[in-house]
Amino acid sequence: MTAYDQIKHSLFPNERMVIAITGLSKNAGKTSLLNWLLKHFPQYEYGLTTTGRDGEEKDLVFGTEKPKVIVSKGTIITTFATEIQRNAHCYEVLEKTRFQAGGKDIWIVRTIADSEAEIVGPASVSEQQEIIKRLRILGASTIVIDGSLDRKAVLLNEKVQAMIIAAGANYGNSDSIIKELRRLHILRNIPIESDVLANLDNIAIFKAGWIQTELQSLLGNEKQFLELCHDQYPDKIYIPGAITGANWHKLGSFFLSFHGRVIIRHPFNLQLNLVNVELISEELDITTVYPFIMNAIAVNSGAINGNHIDSEALLAEVREYIPELPVIDIMGIE
C-alpha cells in the first residue's frame with residue numbers, strides 16, 4: 001500500500017473529518033506535512049486553523065526560516081487582518097470572529113487564488129470548537145488543525161477525529177524519538193472508561209458510589225492521598241490531573257499493589273517515561289475518560305541544528321515498533 005493509500009485510509013475515511021497535525025517538538029515538520037496533505041488530497045473542501053500560528057516567515061522562538069502554508073483556491077482559513085491586507089487580492093473576507101490570538105482579532109477568509117498563507121487560531125478548546133463550527137457553516141467540509149501535543153485545544157477537543165504526529169530530528173536522536181513514539185502508542189491504547197467523570201474536578205474514589213475528595217491533584221498531596229485510600233479501600237480511583245515522575249516515586253508501589261481500577265482524565269496526564277508507562281499498562285487496570293488519538297506518524301530526519309538522522313533507518317525502525325499505524329517520511333513522501 002502506498003503512502004497515499006495509507007494516509008487516505010487512516011485520515012480521510014470520509015470528507016467530513018476534523019484532523020489534527022501535531023509534532024513531538026517545534027520544527028518537527030508539521031507545515032511540510034500539511035502542505036503534502038493539501039497537495040495530495042485536493043478533492044476536499046478544506047478549512048484550516050491552528051492552535052497558535054503557522055506559515056509565518058520566521059519562527060518566533062528560534063528566528064529560523066519557516067515553510068509557507070500553500071493553499072489552493074477555495075480554501076477557508078483563519079488569519080490576521082495584516083495577512084488579509086498584505087494579500088488582499090487572494091482573499092474573500094467571510095467574517096471577523098470574536099476570538100483573538102496574540103492580542104489580535106482572528107478573521108475567516110476564503111482564498112480566491114492559489115497562495116501562500118499565514119494561519120492563526122485560538123488556543124482554548126471551546127474557541128477551537130466554535131471555529132470548527134464556523135468553518136463548517138461557511139462551507140468547509142474537511143477541517144485541519146495545526147496543533148500541539150501540549151495544548152488542550154487538540155488533546156481535549158472532542159471534535160478532533162484523527163491525528164497525525166510529526167516526529168522530527170529536532171526532538172533528539174533516533175533512540176529518543178522511538179522511545180517517545182512507543183510511549184505515545186501505549187497511551188493511545190489505554191481503554192476508554194464508561195463512567196461519565198469529565199465534570200469531576202478533584203480526585204475521587206468509588207465505594208458504593210463516587211465521592212469527590214478535596215484533593216485537586218497529587219502534587220504535594222501524596223501522603224493525604226495514601227491515607228485516604230488506606231482508610232476507604234476504594235474499588236476505583238479517579239485522578240483528573242497529572243501523574244508525574246515525582247508522584248510515581250512516592251505512589252508507584254501503592255498503585256502497583258492496588259486491585260481496583262485507576263481512571264485518568266486523559267492519557268497525556270501520565271507524564272512518565274516509557275519504562276513506567278509500560279509497567280502501568282501491563283500491571284494496572286487503567287482506563288481514560290478522553291482517548292489519545294493517533295492515526296499516523298510522519299518522520300522528519302532533518303534538524304535545524306544540523307543533527308540530521310538517517311531517514312531510511314528511522315522510518316524502518318518506527319515501522320518495526322508500531323506496525324499497525326501508517327508511517328511516512330516527510331522528506332521522501334513525494
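Computed from a predicted model, the values in this text were never measured in an experiment.
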Determine whether the side chains of S32 and N35 contain a donor N or O and an acceptor N or O closer than 3.5 Å. no
If only atom types and distance count, is the side chain of Q128 paired as donor or acceptor with the main-chain N or O of T50 below 3.5 Å? yes
Working for side chain to side chain contact (heavy atoms under 4.5 Å, CB included), residues I178 and Y321: CA-CA 8 Å; I178 296 297; Y321 281 109; 3.5 Å; yes
Is the closest side-chain heavy-atom distance between W107 and E95 below 4.5 Å? no
Using side-chain heavy atoms (C-beta onward) and a distance below 4.5 Å, is L48 in contact with L38? yes
Determine, for E278 against R182, whether the closest basic-nitrogen to carboxylate-oxygen distance falls under 4.0 angstrom. yes
What about Y238 and F206, are their ring centers closer than 6.0 Å? no
Is it the case that D105 and Q100 place a side-chain donor and acceptor less than 3.5 Å from each other? yes
List the steps, then state whether salt bridge (Lys or Arg N to Asp or Glu O under 4.0 Å) holds for D146 with K30. CA-CA 7 Å; D146 186 314; K30 292 186 299 178; 3.0 Å; yes
Side-chain (K96) to main-chain (I106) donor-acceptor, under 3.5 angstrom: no
Is R261 paired with E193 through a side-chain N to carboxylate O contact shorter than 4.0 Å? yes
So, does E118 use its side chain to make a donor-acceptor pair with the main chain of T79 at under 3.5 Å? no
Return the CD1 to NZ distance between I131 and K159, rounded to the nearest 0.5 Å. 12.5 Å
Does a donor on one side chain sit under 3.5 Å from an acceptor on the other, for E222 and N247? yes
Is any side-chain heavy atom of T111 closer than 4.5 Å to a side-chain heavy atom of V109? no
